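A quick note: this is a predicted structure, and the numbers were derived from the prediction, not measured. What's counted below: heavy atoms across the whole structure, side chains too, no hydrogens, waters or symmetry copies. Chain identifiers are assigned alphabetically (A, B, ...) following the order of the sequence lines, protein sequences preceding nucleic acid strands; residue numbering begins at 1 within each chain.
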Amino acid sequence: DGGITQSPKYLFRKEGQNVTLSCEQNLNHDAMYWYRQDPGQGLRLIYYSQIVNDFQKGDIAEGYSVSREKKESFPLTVTSAQKNPTAFYLCASSIMAIGTDTQYFGPGTRLTVL
Amino acid sequence: SQQGEEDPQALSIQEGENATMNCSYKTSINNLQWYRQNSGRGLVHLILIRSNEREKHSGRLRVTLDTSKKSSSLLITASRAADTASYFCATDAETSGSRLTFGEGTQLTVNP
């Protein structure tokens with residue numbers, strides 16, 4: 001059963017805590033992405049990775065960090081430096097990091113800061 | 001700022017009617033994609049149209065692209081209640097390094 005999974009579905013965090021969101025894919029895709037979605041808005045790119053051990057900042061990388069140690073995994077850490085982290089986080093993958101590639105999305109993680 | 005902007009922000013129609021959503025963008029693009037998002041879920045790819053194409057069909061979906069006006073439209077014919085979702089355009093701008101930039105979406109409600 002191929003696809004992209006995210007866990008957990010819901011996550012609650014106290015202010016000042018770091019939290020890591022999981023993203024795993026078994027599609028054998030080289031490229032992976034993290035987006036943030038706020039209510040009623042579109043997606044904003046946080047980080048993306050075109051290949052293992054390499055990643056690039058997106059438009060809103062401040063307060064976030066990522067790693068890409070394995071092809072199938074691209075975890076996102078929301079650090080205490082992110083001032084307004086409450087949002088819906090979406091992970092995606094594509095065969096390659098080119099604009100003609102379809103992006104396949106996970107089901108998302110909803111993060112709430114208490 | 002967002003590369004793509006959808007219009008209208010929200011659209012409510014009856015089952016069987018057609019739904020048209022528009023997307024405008026600012027800079028030259030290589031291609032434009034449309035995605036659908038059910039409430040609280042991930043996005044699903046619908047269709048891609050390249051900058052040298054003017055129209056594309058997929059089932060009940062029809063997409064047009066006018067590069068001179070920097071705009072695209074998505075038409076869903078004979079809508080169904082199951083089409084209720086948010087629809088996003090995503091552009092692959094020539095200057096973006098092949099990253100996709102998503103618009104803010106149109107929320108479509110199809111009433112049974």
Side-chain angles (χ1 to χ4, degrees), chain A residues 3-10 21 23-25 27 29-51 54-61 87-112, chain B residues 1-11 21 23-25 27-53 56 58 65 85-109:
Chain A
I4 181 165
T5 59
Q6 292 184 243
S7 62
K9 189 174 172 113
Y10 298 96
L21 282 60
C23 178
E24 303 276 333
Q25 55 98 359
L27 300 167
H29 287 172
D30 282 323
M32 296 186 76
Y33 312 81
W34 274 106
Y35 293 94
R36 171 183 170 136
Q37 186 178 32
D38 291 285
Q41 296 191 27
L43 278 64
R44 292 184 289 169
L45 183 65
I46 306 172
Y47 269 98
Y48 66 104
S49 168
Q50 296 175 291
I51 200 165
D54 181 67
F55 49 83
Q56 311 292 331
K57 290 183 179 180
D59 300 317
I60 56 165
F88 189 50
Y89 290 87
L90 286 160
C91 180
S93 70
S94 62
I95 295 173
M96 294 170 63
I98 58 175
T100 49
D101 268 354
T102 296
Q103 291 191 12
Y104 295 82
F105 284 81
T109 292
R110 190 167 298 280
L111 173 63
T112 303
Chain B
S1 63
Q2 294 284 358
Q3 163 75 328
E5 293 183 1
E6 282 92 340
D7 169 58
Q9 286 187 324
L11 180 61
M21 289 158 269
C23 169
S24 59
Y25 55 91
T27 61
S28 296
I29 61 172
N30 296 313
N31 66 72
L32 185 146
Q33 302 184 38
W34 284 91
Y35 286 80
R36 165 196 168 124
Q37 183 183 34
N38 285 60
S39 181
R41 309 287 291 273
L43 278 69
V44 175
H45 179 261
L46 294 176
I47 196 164
L48 178 150
I49 186 164
R50 300 180 191 277
S51 59
N52 62 353
E53 297 175 313
K56 213 162 177 185
S58 177
L65 179 63
S86 292
Y87 292 82
F88 295 89
C89 67
T91 52
D92 168 27
E94 290 178 356
T95 56
S96 71
S98 296
R99 298 165 4 175
L100 289 182
T101 302
F102 288 82
E104 295 190 354
T106 292
Q107 170 62 50
L108 172 67
T109 302

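- With B:Y35 contributing its side chain and A:Q103 its backbone, the two residues share a donor-acceptor pair below 3.5 Å.
- To the nearest 0.5 Å, atoms OG1 (B:T101) and CG (A:D59) are separated by 6.5 Å.
- Contacts of A:Y104 with chain B are absent, with no heavy-atom separation under 4.5 Å from either backbone or side chain.
- Contact count against chain A (heavy-atom pairs under 4.5 Å) is highest for B:G40 among B:S86, B:G40, B:A90.
- In terms of the side-chain hydrogen bond (donor to acceptor under 3.5 Å, both in side chains) criterion, A:W34 has no residue partners (sequence neighbours excluded).
- Counting heavy atoms of neighbouring residues, nucleotides and ligands inside a 6.0 Å radius, atom CD of B:Q9 does not exceed 12 of them.
- Residues A:T102 and B:Q33 approach most closely at CA-OE1, 4.0 Å, considering heavy atoms.
- Note that CG of B:L100 and OH of A:Y48 are 11.0 Å apart. Values are rounded to the nearest 0.5 Å.
- Proximity of B:Q37 to A:F105: side-chain heavy atoms (C-beta onward) are nowhere separated by under 4.5 Å.
- Looking at A:Q37, only its side chain comes within 4.5 Å of chain B, counting heavy atoms on both sides.
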